[in-house]
Structure formats: C-alpha cells, structure tokens
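Since we're looking at a predicted model, the values are computed, not measured.
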Amino acid sequence: MTTAHEIHTPDFLSGNDVSIPTYRVLSQAGDLLDGADRPSLDRDKARRIYQAMLATRVLDERMMASQRQGRLSFYMQCTGEESAVIGATAALDDADMIMAQYREQGALLYRGFSIDEFMNQLFGNELDYGKGRQMPVHYGSRKLHYMTISSPLGTQIPQAAGYAYGQKLAGEGLCTLVFFGEGAASEGDFHAGMNMAAVHEAPVIFFCRNNGYAISTPSSEQYAGDGIAPRAFGYGMQVLRVDGNDLLAVYRATQEARRIAVEQNKPVLIEAMTYRLAAHSSSDDPSGYRSKKEEEIWREKDPVLRFRHWLTAQDWWSDEEEKTQQEILRRDVLDTLKRAEKRPPPPLESLISDVYADVTPALKEQMETLTAHIRRYPEAYPKGARLLEPTEDTRDNTQGGA
Amino acid sequence: MTTAHEIHTPDFLSGNDVSIPTYRVLSQAGDLLDGADRPSLDRDKARRIYQAMLATRVLDERMMASQRQGRLSFYMQCTGEESAVIGATAALDDADMIMAQYREQGALLYRGFSIDEFMNQLFGNELDYGKGRQMPVHYGSRKLHYMTISSPLGTQIPQAAGYAYGQKLAGEGLCTLVFFGEGAASEGDFHAGMNMAAVHEAPVIFFCRNNGYAISTPSSEQYAGDGIAPRAFGYGMQVLRVDGNDLLAVYRATQEARRIAVEQNKPVLIEAMTYRLAAHSSSDDPSGYRSKKEEEIWREKDPVLRFRHWLTAQDWWSDEEEKTQQEILRRDVLDTLKRAEKRPPPPLESLISDVYADVTPALKEQMETLTAHIRRYPEAYPKGARLLEPTEDTRDNTQGGA
Amino acid sequence: MPTRNMLQAINQALDIAMAEDEKVLCFGEDVGSFGGVFRATSHLQEKYGRRRCFNTPLVEQGIIGFANGLAAQGSVPVAEIQFADYIFPAFDQIVNETAKFRYRSGDLFNVGGLTIRTPYGGGISGGLYHSQSPEAYFAHTPGLKVVVPRNPHQAKGLLLASIRDPDPVLFLEPKRLYRASTGEVPDEDYQLPLGVAEVVSEGSDITVVGWGAQMEVIGKAVALAEKEGISCEVIDLRSILPWDEETIAESVFKTGRLVVTHEAPRTGGFAGEIAAAIQERCFLYLESPIRRVTGLDTPFPLTLEKEYIPDHLKVFEAIRESMHF
Amino acid sequence: MPTRNMLQAINQALDIAMAEDEKVLCFGEDVGSFGGVFRATSHLQEKYGRRRCFNTPLVEQGIIGFANGLAAQGSVPVAEIQFADYIFPAFDQIVNETAKFRYRSGDLFNVGGLTIRTPYGGGISGGLYHSQSPEAYFAHTPGLKVVVPRNPHQAKGLLLASIRDPDPVLFLEPKRLYRASTGEVPDEDYQLPLGVAEVVSEGSDITVVGWGAQMEVIGKAVALAEKEGISCEVIDLRSILPWDEETIAESVFKTGRLVVTHEAPRTGGFAGEIAAAIQERCFLYLESPIRRVTGLDTPFPLTLEKEYIPDHLKVFEAIRESMHF
Ligand SMILES: Cc1ncc(C[n+]2csc(CCOP(=O)(O)OP(=O)(O)O)c2C)c(N)n1
Ligand SMILES: Cc1ncc(C[n+]2csc(CCOP(=O)(O)OP(=O)(O)O)c2C)c(N)n1
Ligand SMILES: [Mg+2]
Ligand SMILES: [Mg+2]
C-alpha cells in the first residue's frame with residue numbers, strides 16, 4: 001500500500017506541499033471563464049435549476065419573516081449556498097439518495113417537494129410526514145429519495161457509506177450524495193464514514209458545504225489545514241475543490257464525481273467553498289461574530305445572481321419572468337403557510353406510534369393513562385383534547401411514503 | 001486558509017499525487033546508508049537503548065512462555081516493534097508524557113520500570129499500582145510519566161492533545177508522545193485528537209506503529225489510502241514516515257518531531273512502518289490470517305539485530321555482553337515472576353476504592369454486605385477470606401505514585 | 001438433536017439467515033475471513049462472499065453508522081461489536097440514530113433490519129474493559145429492542161427472531177457461556193418470541209428473575225434453596241426491552257416475593273426498573289421487599305472478580321433473606 | 001442580594017472559578033468569543049484570554065477526550081457540550097475513560113478536575129434532539145458525579161462545588177430555566193454540597209422527589225395538593241449520583257408515600273432506581289406503591305410536547321392517587 005522510495009534525511013512534509021486549486025467555470029458576471037467547457041446543460045434543465053434556486057430564496061425570505069412575526073418557532077436559511085446545494089442535486093439521477101444536514105432545502109425544491117409539503121413540516125401539523133416530532137426544516141421524503149434530516153451532526157456521513165454500499169449490492173447503478181458542513185466534518189463520524197466508504201468501495205459522494213462558519217465558530221478555529229479537501233488523501237479518495245457559488249462548476253464537478261462513484265464504485269469528496277449569507281438560524285445573530293464588511297464581500301458573490309446572469313445571456317430567462325416567478329412563489333408560500341398553520345396537529349396516537357413497528361403493550365397502556373388524564377383536564381391540553389374528539393375526514397398522510 | 005489558484009476543468013486529485021517517502025538511516029546489516037547523517041547518540045545512551053530492546057525481547061519471550069504454561073492469564077508482545085517504541089522514547093525528555101496503546105513495554109523498560117513492577121501488574125497482586133483491576137500489560141507509572149494503559153482503543157489520542165495543551169500552558173517545555181496502532185487510527189477519536197491538537201497547537205507527537213495488522217485485519221482492509229501519514233495533510237500537520245525497524249531513523253525522526261512540538265507548539269505525526277512479529281496476544285493464532293512466508297520476510301528485518309549490528313560496529317557492544325546480559329535478564333524475569341505470582345492479591349477494600357476520591361457511604365455499605373457474605377462462605381472465596389484476616393506487615397504500595 | 005455450544009448455535013443462526021435472504025450481511029472487526037475473535041462468524045465469508053461478510057475498519061461508530069445506512073436502504077445488517085465494552089463509541093449512532101430513525105421520520109424510513117450482536121459480561125478474567133454488562137444503558141432507549149439468550153437453543157431461536165424482527169435489536173451474548181454452555185439445538189430454522197419472558201421452572205414461594213449468564217447462577221442458587229424447602233419460580237427475562245412485565249407480575253401475584261439479579265452495577269441497573277414496576281403493580285401482594293443481587297457500584301475488577309460477581313451464593317442468600325423477612 | 005437568572009449565576013460561578021485558579025479552563029463549541037449559544041460563558045475569553053476560554057472544533061468526543069487529558073495533567077477543565085442531546089458521541093470518553101480513570105490506574109492518575117456542563121430537558125419546543133434528559137445513562141456509571149440545579153442560587157453554589165470537587169462531575173443545566181428562573185444570588189463565592197438532597201419544604205402526608213426543572217413543576221403540583229389538604233414534603237435530589245438515599249428514606253419513614261418525577265422516559269429512568277431502593281429500605285412503612293411521573297417511553301415529541309411532558313397536573317394526580325390508594 002505504501003510508496004517505496006526512501007529518504008535518508010528526516011525531512012518532514014507539511015500540507016503546504018500539497019496545493020489544492022479551486023474549480024470555477026463562471027465569472028460573477030455570468031461569463032464562461034477561459035478554458036472552461038460549457039457544461040452539457042439544456043434549457044429545460046437549466047430553468048429547472050434556476051427555478052429551484054429562486055424558490056429557495058423566496059421560501060427562505062418568507063419563512064424567516066414569518067419566524068420574526070412569531071408565526072413559526074424556528075427556521076434555517078440556505079441563502080448564499082443555493083448553487084452548491086442545487087448544482088450538486090441537479091447532477092444526480094433523481095433516484096439517487098440524498099442525505100443532507102439541514103440547510104439543503106434547495107435539493108428538495110429541485111426534486112419537486114411541494115410548498116405544501118414544506119409548510120406541513122415547518123408547522124408540524126397533521127400532514128407533516130414526520131408527524132410533528134422534529135423541529136422545523138427537518139424534512140424528509142421517501143418518494144424523492146431524500147433522507148429525513150436528523151439534528152445530531154455528522155451521523156449521516158457513515159450512514160451514507162452504508163446506504164451506498166447497499167445500493168452497490170442492489171446493482172441498480174444508483175449512488176448516495178451526502179451533504180455536510182465544514183463544522184460537521186470535525187465529528188468522529190466523518191472520519192468513520194470516509195474511511196468505511198473508501199475501504200468498502202461504496203458509491204458515495206461526500207459533499208462538504210464549506211461556508212466558513214459553524215454557528216459562531218469560524219473555519220480558522222475549526223481546522224488548521226487547507227480546508228476539508230486534503231483529508232481525501234488520507235483515505236485514498238479522489239477529491240475536487242469547487243467554487244460553491246458557481247452553479248456550473250458544482251454541477252459539472254458532481255457529474256464527474258457521480259461517474260466515478262457509480263462506474264468505479266469509488267467514493268469521492270467535493271469541497272464547495274461558499275458562505276452562509278444569513279444567520280446560522282433564526283436563533284442566531286451573526287453580528288456577534290463577524291463583520292458586515294465580510295458579509296458584503298460575499299453578498300457580491302451571490303450565486304443566484306451569477307447563474308441568472310448566465311441564463312439571461314443564453315436567453316433562457318428574462319427579467320419579466322423573474323418578476324412574475326417571484327410573485328407567484330411569494331403568493332404560493334404565503335397562501336400555503338396560512339393553510340398549514342391552521343391545520344390540526346398530528347393525532348394523539350402519534351405520540352406512541354413509530355417508536356416500534358408495532359405499538360407495544362406498555363406504550364398502549366401509557367397512552368390510555370394519558371388519554372384519561374387529558375379527558376380529566378381538557379382545558380389544560382387544548383390540542384390533546386381536540387384530538388380526542390373523533391374527526392370526520394380521515395386525511396391521507398402517506399404521500400411522502402410512496 | 002485555502003490556496004488561491006483556480007482551475008477551469010474538473011480535474012479530481014487523487015492521493016497518488018502525493019508521494020510519501022520512508023526515512024531510513026541504517027541498512028539491515030547495521031551500516032549507515034548513503035546520505036544519512038550519523039545521529040548524535042553517545043555510547044551510554046546507545047547502550048541504554050539497546051539494553052531496553054534486549055530486555056523487551058527477553059521479557060516478552062519469558063512471559064509468553066509463562067502464559068503458555070498457564071501461569072499468566074494473558075500477554076501481549078512488542079516483538080518486532082522494539083525500535084519503533086524505544087527509538088521514539090529515547091528521543092524524548094524523560095519527563096515528557098507517554099500515552100501508549102498496550103504494546104509499548106519497551107518504553108517503560110527504557111525509562112526504568114523494574115521487572116518487579118512489570119510482574120506485579122502482570123499478576124495483579126497487592127503491589128500492582130493498578131490494584132489488580134486491569135488485564136495484564138496495562139502498566140502505568142506516574143513517576144516515569146507513563147499514563148496507565150486503557151483497553152478502549154484510540155481514547156488516548158485526544159487525551160494526549162489535552163495533556164499536551166496543559167503542558168504548553170504550564171510552560172515547562174515538555175510534550176506528550178502518543179502511541180497507537182494503524183488499526184486504532186480508524187477510530188473517531190483519532191480524527192478528534194489530530195484536529196484538536198492542530199487547531200489548539202498542542203505540543204504532541206502522534207506516533208503510529210503501523211505494524212500491518214489489527215488482530216486479523218490486514219492494513220489493506222483497514223484503510224484504502226497510502227497508510228496513515230497522508231492524513232496529516234488534512235490537519236495541516238507536519239509528518240514523516242519512517243522505517244520503524246530502524247532505530248536510528250526513529251530516534252532521529254522523533255528528536256526532530258519533539259523540536260517542532262516543543263519549540264513551535266505544533267503537533268507532529270510520525271508513521272513508523274513495522275511488523276508485529278508475534279501473535280496479536282496470547283489469545284491469538286496468526287496462522288489463521290497470514291502466511292509463515294510473510295512472517296519470515298519480516299523476521300529478516302529484525303530491528304533488535306539491526307541495531308545490535310550497528311552497536312557492534314561502533315565497538316559499543318560485544319557478543320559476550322549479549323550473552324551475559326540475556327542470561328541476567330532471563331534469570332531476573334524468572335526470579336521476579338516467582339515472587340510476584342506468590343504475592344497476595346490487593347486488599348478487599350480495593351474493590352471499592354478509587355471509584356471516587358473518597359469512598360461513598362453507599363459503597364461502604366456494599367462493602368460491609370460483601371464482607372459479611374464472605375465471612376459466611378469463607379471457603380467459596382479463598383482470596384477474599386484471606387484478605388479479611390488482619391495482615392502483619394503494611395506494605396508500601398505507592399512507589400509508582402511518586 | 002445435535003448438541004452444540006452457544007457459538008455454534010449463533011453461527012448456525014447467521015448461516016440460516018444469510019442463506020435464506022441475500023440482503024443479510026455480517027460485518028465487524030475481524031468478522032471476515034477470520035470469523036471473528038470468538039469465531040461466531042466462521043466460514044460465512046467463504047460461503048457468502050466478501051461482499052456479504054467482511055472485516056470493517058476499527059471504528060465502532062462507523063460500523064453502526066454504516067449499518068444504520070444499510071438498514072435504511074433495505075439491507076439486513078448484522079453488525080458485530082467485538083466486546084460490549086467497546087460499544088460506547090457507537091452510542092450516539094445507536095441511541096440518537098438507530099433508536100429514533102423510524103419515529104423522527106414518521107415511518108418514512110426505518111432501520112428495523114438492523115441487529116447488533118455483541119459479547120457481554122464477566123467471569124472470564126477480563127477486568128473492567130472485557131466484562132461489562134451494558135444492557136441498562138440501552139434499556140433506557142425507546143425504539144431499541146434488547147435481547148439476551150441464556151443457552152445455545154435460546155441463542156439460535158432468539159437471534160433468528162432478532163434478525164427478522166421489524167425493529168432494531170441489540171443482541172447481547174453472554175461470552176462466558178460461548179463454549180461453556182452446550183445443549184441440544186435443532187438443525188432447523190426456528191424462532192423464539194421477542195418481548196416474552198420464559199418461566200423456566202415453576203414454584204410457589206418466591207420469584208427469581210435474571211437473564212443471560214445469570215440464569216446459570218440462578219439455577220445453582222435455586223438448587224440450594226430447594227434443598228431448604230423453598231420453592232422458587234425461575235424466570236428468564238430474555239428481552240430487556242420491551243420487557244415482559246406481565247409474566248413477572250403474574251408470578252409475583254402468586255409468590256409474593258421477588259429477587260432480581262444482574263452482573264451490572266446496582267445503581268441504575270435494570271433490576272431497579274423491574275423492582276420499581278413490580279412494587280407498583282403488585283404492592284398489596286408483596287410479602288417482603290424486592291431484592292436486587294448485582295455487581296457493586298464500581299467498575300468491574302480483575303483479581304477480585306470472584307468476590308465482585310453476584311454468584312449463586314449471593315443469590316441464594318437474597319432468596320433466604322427474602323423468605324425470612 | 002442581587003437578582004440573577006440561571007445563566008448569569010452560571011456565568012458568575014465560572015468567572016469566580018477562573019479568577020481564583022488559573023488552571024481552570026472553559027471550552028466547547030462556540031464557547032469562546034461568542035460566549036456559548038446560550039451565553040453561559042460570556043466575556044470569559046475577554047477576561048481570561050484565548051488560551052483559557054476557547055472554541056473547539058465541532059467534535060464532542062474530542063472535547064471530552066481533550067478535557068480528560070487536561071484533567072489528567074492537572075488542569076481544571078470545564079467543558080461545555082452544547083446540548084445534552086449531543087453528549088452521546090462523547091459517551092465512550094465519559095463512561096469508559098472519565099469514570100474509570102482513577103480506578104483503573106489505582107489512583108496513579110485521575111481526572112477529578114473535570115466538569116462537564118450541558119443544558120438538558122424539554123419545554124422549549126426543541127423536539128427529540130433538543131429536549132433529552134440523559135441523567136439515567138450517567139447514573140449507571142460509577143466514578144461519575146451527576147448534579148442538577150433547580151434555580152440560579154443552587155446553580156452557582158453547585159457549579160462551584162462541582163468544579164472544585166476531586167471527582168469528575170457532569171453538571172446538567174435545565175435550559176428551560178436558563179432565563180425563566182430568577183432569584184437572589186449572592187455575589188460572593190459559595191458552595192453547596194454534592195451528594196446531598198435538600199428538603200425544600202416539609203410535609204407529613206407524602207414525599208415528592210425531583211430535580212432540576214421538574215422542581216418547578218412539583219411546586220405547582222404541591223400547591224394544588226395542599227389546597228386539598230395534602231401535606232407534601234418536597235425534596236430536590238440535586239445530585240443524581242451519588243444520590244442521597246438517606247434523606248429520601250428518612251422522609252418516607254415519616255410520610256409513608258413517595259412520588260418521583262422526571263422528564264426522561266420511564267423505563268430505565270432514575271425514578272426506577274429511587275423506587276427500587278426505597279421500597280427495599282422502607283418496605284414496612286409504605287402505605288401505597290411508589291409512583292413515578294415521567295415522560296412516555298418514546299423519544300421526545302414537538303407539536304404534542306405539552307401532552308408528553310410530566311407537568312404539574314400529572315404530578316398532582318399521582319399525589320392524589322397515592323393518597324387515595
Ligand atoms: C452532534 C452535534 N453537536 C452540536 C450540534 C449543534 N449545532 C447545530 S448546527 C451547528 C454548526 C454546524 O456547522 P456546519 O457543519 O459548518 O454547518 P452550517 O451550519 O455552517 O451549514 C452546531 C454546533 C448538533 N446539532 N449536533
Ligand atoms: C474501542 C475498541 N475496539 C476494539 C477493541 C479490541 N481490540 C483490541 S486490540 C485490537 C486491534 C488493534 O490493532 P492496532 O491498533 O493496529 O494495534 P496493534 O495490535 O497492531 O499493535 C482490537 C480490535 C478495543 N480494545 N477497543
Ligand atoms: Mg459551516
Ligand atoms: Mg496494528
């Protein structure tokens with residue numbers, strides 16, 4: 001396994017010897033850079049991508065505003081990272097598995113998760129596939145091959161290796177793409193997942209969104225090396241660093257990564273250099289740890305605008321369309337939000353279902369005790385009491401499970 | 001943090017671009033290789049090193065034989081890795097902390113752990129510093145700055161980062177060297193420890209004994225990259241791969257590493273390529289997973305012999321001395337063994353001491369119940385019953401705590 | 001019926017499961033060609049190939065993370081953790097992921113196919129890191145099933161049931177009995193139910209409950225008690241989670257007395273849960289306090305292991321004390 | 001006396017400890033210049049420098065591993081885990097290392113200087129990953145101390161005691177009370193004892209035991225009970241490990257009735273340990289079964305959190321049932 005050549009003086013190597021370039025295709029003005037190939041991306045697909053980017057922007061804006069109004073408990077924006085997330089997703093087969101961290105709603109929008117579906121999760125109502133158990137933004141969709149988000153960071157990384165290994169055995173030519181932040185890449189699970197995938201040749205794309213921060217912690221306090229990319233060398237894995245705000249670069253890089261993963265059954269690492277333009281979450285205020293000036297610099301590298309410039313230059317998108325589309329999206333989000341926040345909560349039984357495939361006798365008993373208690377104090381548990389009344393319509397809550 | 005240059009084609013990098021040479025100083029015949037500097041190692045130190053190597057060999061042989069005779073429950077040999085372990089230790093200040101995995105008894109022999117001290121641990125008797133709580137080979141010595149071995153693999157790696165950080169704050173110019181196998185380097189704790197040390201600039205030397213196997217698992221099923229060394233690049237850490245069977249190379253490499261660690265407050269990685277010539281432990285039979293032929297190849301690279309050749313060439317060691325020394329050591333081991341195996345077990349109270357700094361009331365009560373029970377059935381607990389008798393001499397069991 | 005030891009029974013269960021369903025995979029440290037350090041997976045790689053039975057890198061959190069992913073994908077992983085003492089690096093993957101996978105996704109995804117096998121327990125001169133009995137940690141984790149067999153016959157039937165169960169199962173193997181416990185084990189495929197305790201022998205004076213290797217200890221204790229004319233009802237809990245409160249309660253309604261024993265430390269051990277539940281359920285029937293016979297509230301020792309262990313004499317004394325309360 | 005909330009009390013305790021002893025270090029995710037996501041470590045980096053108060057990389061097993069090493073070296077680390085739900089990646093470092101460090105080395109080395117602070121518990125719309133109460137996992141781990149304060153005054157005195165205690169302490173902070181609980185907190189340095197429960201209010205009919213945020217719930221429940229003429233003795237356990245069996249038992253000898261409540265799931269929760277120990281100790285004094293009021297045996301929900309939580313009405317009902325048994 002190890003290279004053969006010898007040295008006779010104790011010369012330590014430092015990471016500095018290894019220089020990792022960044023792959024870019026588009027200038028900020030939306031022009032192809034010298035030497036860059038025009039990616040094979042047709043009008044329809046390019047528009048599908050852009051529409052997902054736009055939808056992500058609008059959804060994020062509206063929902064953060066709603067959170068500020070107190071209508072929503074919590075929210076997290078993808079703002080600034082739309083190219084990284086949607087570019088990667090667009091390069092996949094729609095049946096490839098995506099295991100995301102939490103800031104990748106763009107991937108869902110690209111794959112066709114409806115605004116309704118978003119809202120039901122955000123409000124944890126009776127139509128939420130997750131049955132109101134997780135905080136907002138913990139989406140999942142079985143039919144869209146998007147693994148339900150889990151809050152503990154990094155856990156999805158070795159899981160992605162396992163999932164992909166199963167895909168390899170199934171032999172259907174599919175792979176898994178796993179998103180994670182440069183912060184989550186510090187977890188032990190990152191090391192575990194990278195190494196397991198490399199040793200067992202799982203077709204998985206490790207996609208790091210290096211957005212410069214993990215909450216308040218800047219990447220300079222997260223790692224001492226040259227980002228996440230050189231870690232691939234430690235696992236014998238191929239790697240590419242890409243400008244994460246350059247949709248065409250991310251798209252092309254991920255296409256190539258997917259080819260390596262699926263054709264060679266080899267895992268691949270992509271590090272997308274980007275920036276979290278918004279706060280970490282609705283609970284966070286970045287002014288405590290970074291400067292407006294720094295944010296400004298990155299605002300000028302807006303990924304959505306950059307791709308729009310390119311689209312416009314292809315004559316595939318117009319200012320008019322932009323305006324109409326934005327309006328439609330805004331209206332759609334607001335209308336849907338109003339519907340979703342009024343919907344009843346999940347049934348009381350959702351407290352005990354899905355812990356096991358079948359409800360255990362002990363849980364059934366605990367539920368009976370709880371039900372009796374709520375009947376005794378209906379005014380103390382308005383939601384619970386309401387749920388005890390029989391409802392007329394039996395709603396279908398299984399679309400995500402198709 | 002990241003390098004600036006751009007590329008415009010999606011060219012994935014592979015670890016193969018990074019080639020990691022192996023540092024060697026001595027030929028197997030014990031001659032300095034062309035271009036290799038003669039390390040600054042005087043006669044006394046060289047002899048101290050060699051005597052530790054020899055003692056390790058003899059101790060290992062004798063104790064494995066005793067285990068086979070059923071006198072000892074378990075044993076693990078360092079055989080084949082004496083240069084890696086003792087070369088590294090000799091390059092340190094004797095007050096530097098060593099955190100080992102379990103196969104590094106050579107380090108203790110170099111620092112002066114007595115055969116008595118070894119035997120008391122191996123037999124878990126009343127003089128064992130660890131009070132008969134851990135399996136054989138889990139040595140520790142406070143006075144020799146050798147952290148008590150812990151069976152769970154990899155846990156000592158982030159601990160070493162923390163220990164070294166504390167040393168840095170204390171400002172005494174000391175560092176920590178942490179040993180681990182290439183198997184343990186797969187643990188999440190490895191990633192955690194490397195990254196923590198790099199970010200917080202802890203003066204720690206990460207010393208990987210890459211001996212080709214983790215029990216039955218060959219390194220080819222442990223990692224897919226070029227060994228452990230290139231992982232350093234992912235942490236921005238300096239690294240050197242060294243021929244682990246070459247004492248002078250290990251010694252010189254570790255001296256250099258120590259200089260970087262202590263003078264620059266930077267962690268360093270050393271990967272020593274070596275081979276576990278013996279079974280994993282007394283419970284293991286390597287014929288189930290590797291060939292005699294492979295073992296033979298490595299037996300010819302015997303590190304003890306290689307260093308002895310060099311010493312002899314310096315006229316610092318003779319065949320005669322070898323013979324005498326071996327005999328003395330053998331006798332010493334056997335005599336000490338006989339003493340140690342006859343010594344009484346640790347006091348019954350050792351069952352409940354050291355769980356907390358002070359024995360809790362609950363534990364005191366549990367002890368009383370146990371004592372009463374043993375008094376009821378003295379024949380069923382011969383050790384325990386004996387311990388209940390008051391003993392005349394109060395033995396000193398605190399030497400290791402100096 | 002052929003006589004087998006527990007390892008052979010486990011090996012046969014794995015063999016049957018792999019032969020029947022190609023989605024079943026076995027992996028872990030040294031599990032591949034070597035067949036595991038205890039040889040529970042012997043010959044499986046030969047028979048089913050390297051893709052279905054393999055060594056993993058030495059990283060428990062990776063083994064279980066990988067297994068969680070495989071199970072979510074629809075495979076049926078049987079992951080081995082070499083010693084239960086080394087399961088803790090995987091604690092997050094088990095407690096936060098395995099156990100909550102179905103719940104958090106509203107059943108869109110689940111890892112029900114997962115079985116984690118691991119040898120646990122003392123009595124093998126293993127000291128504090130090769131002797132632990134961690135069942136109580138997992139018993140506090142809704143979403144998991146925790147199963148412990150007491151002999152080869154039980155091991156085969158419970159392991160086959162665990163592999164096929166729609167929920168993730170932690171299967172704790174009493175390693176002291178791996179070769180020491182032998183018995184008749186049918187060659188056929190059979191399953192024993194999860195979540196159901198077994199009344200191993202009926203009695204009228206006192207109920208004695210345990211699991212795994214402790215059942216052997218109970219056997220000896222009860223023999224001593226019977227000599228003194230005490231009639232013991234012996235129950236093997238078999239499943240720690242979910243546990244069969246019903247069967248224990250029924251027995252205590254009859255006997256009015258209960259002793260529970262395990263090797264793990266007393267405080268926070270699973271005997272506490274049983275005592276708490278049963279005192280509530282059987283309050284008016286109890287004729288003496290529920291007694292626990294457990295390890296001390298310390299790590300597991302080595303030289304003084306025999307003194308530490310809740311052996312048959314300690315269980316016997318507890319039975320006696322309970323009778324003479 | 002100045003009025004402070006719990007975060008301010010904790011911040012002040014850390015400040016006092018760092019000012020007094022330069023070996024005291026505070027670190028964790030976002031703990032540095034930002035002062036922690038809850039701001040418990042505000043201004044400490046400013047005051048004591050980056051070497052003594054700093055951000056760590058995002059790796060809990062690394063934080064505790066690093067802290068174990070520091071403590072073994074003689075430093076006094078106060079490590080923060082951002083949410084108790086994220087302590088599990090560090091479970092091995094805590095359970096196999098922190099807890100067993102002194103024991104396994106025969107006291108050659110110890111990590112007694114270590115304190116791990118972490119916010120726990122529900123009631124903040126956090127769902128299953130920002131609401132867990134993991135005390136029972138750690139209570140089954142001899143070698144650890146586990147401490148939970150109920151209000152700002154307690155938080156300051158118990159945290160100072162924990163930092164200075166010669167054993168490693170897991171300090172669980174009820175995050176629902178961080179800003180909600182305010183009270184008088186002296187500016188001076190003071191300590192409250194570890195391992196000692198506090199009788200918060202005396203009563204004669206029934207004993208009600210809890211810890212942390214649950215003490216507020218008990219307060220409300222008891223107020224309802226007192227209205228019905230039930231005299232409650234309220235005990236804050238404060239230390240989960242080692243726990244003060246004596247104080248609870250003394251109280252139950254007097255009242256003959258016991259209700260224990262916690263947010264964590266029932267099965268394997270620490271109320272089980274208390275019930276098991278007390279039924280044994282106070283068997284002849286108990287007039288009704290010991291009742292547990294706990295979370296359901298499920299992960300923590302979100303939308304139906306209010307229904308899930310063991311609130312004052314549930315505790316009140318348990319008191320009532322116990323009285324009318
Ligand atoms: C195991 C774990 N530890 C801590 C947290 C709390 N936490 C949530 S997000 C976050 C920062 C993540 O940063 P990064 O991975 O860079 O992703 P980004 O938010 O920048 O997209 C932290 C510390 C968590 N969710 N899980
Ligand atoms: C966390 C953990 N997992 C598994 C084991 C069991 N085990 C003991 S040694 C060993 C192999 C270690 O291999 P390596 O690190 O290469 O060291 P070597 O034995 O080759 O010196 C294993 C798997 C353990 N002790 N700890
Ligand atoms: Mg980030
Ligand atoms: Mg090795």
**Request:** For each of C/Pro301, C/Ala139, C/Ser288, tally heavy-atom pairs with chain D at distances under 4.5 Å, and name the one with the top tally.
**Result:**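 Between C/Pro301, C/Ala139, C/Ser288, the count favours C/Ser288.
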
Heavy-atom contact with chain D under 4.5 Å, split by part of [X]:
X        : answer
C/Leu241 : side chain
C/Pro134 : neither
C/Arg266 : both
C/Ala90  : neither
C/Gln93  : neither
C/Leu284 : side chain
C/Phe88  : both
C/Tyr137 : both

Please check: side-chain N/O of C/Glu273 versus main-chain N/O of D/Gly272, any donor-acceptor pairing under 3.5 Å?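 Answer holds: no.
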
*Does D/Glu280 use its side chain to pair, donor to acceptor, with the backbone of C/Pro289 at less than 3.5 Å?*
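No.
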
**Prompt:** Side chains of C/Asp92 and D/Gln61: is there a donor and an acceptor less than 3.5 Å apart?
**Reply:**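 There is no such pair (donor and acceptor under 3.5 Å, judged by atom type) between the side chains of C/Asp92 and D/Gln61.
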
*Value rounded to 0.5 Å, distance of OG1 in C/Thr267 from CD1 in D/Ile274*: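 These two atoms lie 10.5 Å from each other.
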
Using non-hydrogen atoms and a limit below 4.5 Å, what part of residues 242-261 of chain D faces chain C?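 Within residues 242-261 of chain D, the residues under 4.5 Å from chain C are D/Trp243.
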
